[in-house]
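Structure first, then comments.
Note that the coordinates shown come from a computational prediction; the quantities given were computed from them, not determined experimentally. Just the heavy atoms: all of them, side chains too, but no hydrogens, waters or symmetry mates, feed the values below.
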Amino acid sequence: MRLRRAVTAVATATLLATGATAVPAMAKGGEVGGSGSTYYLSDTFSTEANTVFTYGGPTDQVYVGDWDGDGTDTLAVRRGATFHVRNANSSGPESHRFTYGRPGDVVLVGDWDGDGTDTLAVRRGAVYHVKNDLAGGPADQQVVYGRASDVVLVGDWDGDGDDTFAVRRGAEYHVKNSIAPGRADQVAVYGRAGDQVYVGDFDGDGDDTLTVRRGPQYFIANAIRAGAADRTVVYGRGTDTTMVGDWNGDGTDSLGVRRDARVAGAQDGYDRRMFELINDYRAQNGVPPLRYWDGLRTGALSHSAWMDRNDRSAPDEPPTSFEHASAAVLRADTRAAGCGTGYAENIFWSSYESTPDLAMTEYMNSPGHRANILNRDLGFVATGTILVDGEIFNTQRFAFSCG
């Protein structure tokens with residue numbers, strides 16, 4: 001059975017709460033995750049990437065490290081137990097190839113001996129097999145730390161030049177400043193148990209700290225401690241796979257994203273057409289056009305990705321996650337976009353690959369959605385679409401004033 005459905009949108013605080021949560025991410029030192037072979041790197045915390053390139057294949061396992069000790073982090077792709085390292089953030093062939101561990105191993109990246117070069121550690125349960133060069137052969141050190149079920153982060157927590165482990169249990173971090181068993185040297189709480197968390201030296205002072213990600217927003221703390229973030233930035237889209245690295249060798253880590261250019265292109269085309277159709281319908285009804293505001297698209301994509309990620313329904317049934325963003329999320333997203341406090345939201349789901357024209361027909365046949373689309377008081381709009389496994393999730397975000 002084919003289903004397509006849109007839920008009435010409102011522009012007041014009576015929106016349903018979504019209860020959205022994020023899955024804890026592998027942080028610095030772990031596999032990047034995601035898919036795609038196009039990378040967008042920012043050397044600062046600007047909203048724009050200054051380096052874009054392709055490397056490897058869309059399904060490769062990807063890791064970030066300073067493989068040659070020049071101070072700049074680059075990529076390595078893993079295929080089985082073989083690692084293909086490139087020592088420049090540009091398209092091109094591998095610079096080095098080596099084999100370590102077994103194809104199914106969990107691999108972590110760090111500078112374990114403080115020589116300025118990142119190498120690998122294989123994790124098997126709570127046992128870590130640490131290697132101090134990029135070559136095959138036995139580990140240089142074996143250590144037990146934490147529990148087999150722990151989420152593990154890698155960082156230079158005390159600024160002494162060598163990376164060690166931290167165990168994450170919910171929102172609590174157990175930091176160890178040496179590659180050794182025993183009690184943590186520091187325990188701190190930061191963020192929420194469900195947050196995505198990344199590690200980096202975000203202020204260039206030599207020690208790594210944490211940043212919490214919620215959608216496209218990053219809450220950076222420049223010390224391992226509880227409390228408010230020292231800095232909040234917006235980068236990329238809520239659906240992006242994020243990486244952390246020192247991409248230009250200036251001693252400060254910043255953000256990068258991994259995307260599948262083919263899927264991103266299809267989504268971008270869908271949203272471009274939907275924006276055209278919104279203003280076509282407004283023109284047909286004697287309503288002035290809306291201006292496109294890219295900042296609103298970040299929140300729209302984030303919400304569409306949340307609906308997709310939390311879809312737990314049976315085939316051909318409406319998603320259980322097919323809900324509006326909460327009023328708190330909408331307010332935060334609208335502020336982050338540089339817009340005023342007034343907002344509206346439309347959402348759409350289809351169990352087959354509906355075109356933007358068909359989706360807009362559904363929107364216009366629904367009184368609540370039509371009212372938002374034709375609202376004369378609204379001035380700005382952007383939409384965010386997720387196309388995955390034959391389904392479409394679309395979110396339209398409107399604002400009264402931006403800029």
Side-chain angles (χ1 to χ4, degrees), residues 1-12 14-16 18 237-239 263-294 296-308 310-311 313-325 330 333 342-400:
M1 179 173 65
R2 290 182 173 181
L3 299 171
R4 64 179 183 269
R5 180 181 173 195
V7 166
T8 300
V10 294
T12 69
T14 59
L15 292 170
L16 297 173
T18 62
R237 307 167 183 167
T239 55
V263 174
Q267 292 171 173
D268 290 350
Y270 195 103
D271 289 324
R272 282 195 298 273
R273 176 59 179 160
M274 184 162 279
F275 173 66
E276 293 173 358
L277 290 167
I278 288 170
N279 278 333
D280 284 349
Y281 279 110
R282 287 174 71 91
Q284 292 169 25
N285 289 272
V287 181
L290 294 171
R291 288 177 57 189
Y292 177 81
W293 192 259
D294 192 58
L296 290 171
R297 187 167 190 258
T298 299
L301 275 168
S302 181
H303 186 62
S304 292
W306 178 85
M307 290 192 288
D308 167 53
N310 292 281
D311 179 2
S313 61
D316 291 330
E317 293 296 328
T320 56
S321 60
F322 187 49
E323 300 177 0
H324 283 288
L330 274 167
D333 285 352
Y343 53 78
E345 178 183 81
N346 290 339
I347 59 174
F348 173 85
W349 163 76
S350 172
S351 64
Y352 64 93
E353 292 191 358
S354 170
T355 66
D357 299 65
L358 289 174
M360 283 299 298
T361 298
E362 291 292 316
Y363 275 136
M364 293 301 292
N365 286 337
S366 166
H369 294 92
R370 181 185 179 92
N372 280 340
I373 291 167
L374 301 182
N375 189 330
R376 289 179 175 272
D377 295 326
L378 292 169
F380 298 83
V381 70
T383 75
T385 304
I386 297 296
L387 310 173
V388 60
D389 297 332
E391 288 187 294
I392 285 173
F393 292 89
N394 173 262
T395 302
Q396 297 180 341
R397 288 283 180 88
F398 302 86
F400 290 89

Hey, are the side chains of [X] and [Y] touching, using non-hydrogen atoms and a 4.5 Å cut-off?
X      : Y      : result
Phe275 : Thr383 : no
Arg370 : Tyr281 : no
Ile386 : Ile392 : no
Leu277 : Asp357 : yes
Thr395 : Glu345 : yes
Tyr363 : Ile373 : yes

Donor-acceptor contact below 3.5 Å, side chain [X] vs main chain [Y]:
X      : Y      : answer
Glu362 : Phe348 : no
Ser304 : Gly384 : yes
Arg282 : Asn375 : yes
Asn285 : Val287 : no
His303 : Glu323 : yes
Arg297 : Ala382 : no

| note | Scanning both residues in full, the closest heavy-atom pair of Arg376 with Gly286 reads NH2-O, 2.9 Å
If I take atom [atom1] from residue [X] and atom [atom2] from residue [Y], how far apart are they, to the nearest 0.5 angstrom?
X      : Y      : atom1 : atom2 : result
Asp333 : Leu301 : CG    : CG    : 11.0 Å
Asn346 : His369 : CG    : NE2   : 4.5 Å
Gln284 : Asn279 : CD    : CG    : 11.0 Å
Ile347 : Arg397 : CD1   : CZ    : 10.0 Å

| request: Could you tell me how the ring of Trp293 sits relative to the ring of Phe380: parallel (under 30°), tilted (30 to 60°) or perpendicular (over 60°)? | output: perpendicular
| task | Evaluate the criterion side chain to side chain contact (heavy atoms under 4.5 Å, CB included) for residue pair Leu290 and Phe398; output intermediate values, then yes/no. | result | CA-CA 9 Å; Leu290 294 171; Phe398 302 86; 3.8 Å; yes
| Pair Tyr292, Asp294: side-chain N/O donor-acceptor within cut-off below 3.5 Å | yes
| field | From Asn394, Ile278, Asn365, Thr355, residue fulfilling side-chain contact (heavy atoms from CB on, under 4.5 Å) relative to Met360 | value | Ile278
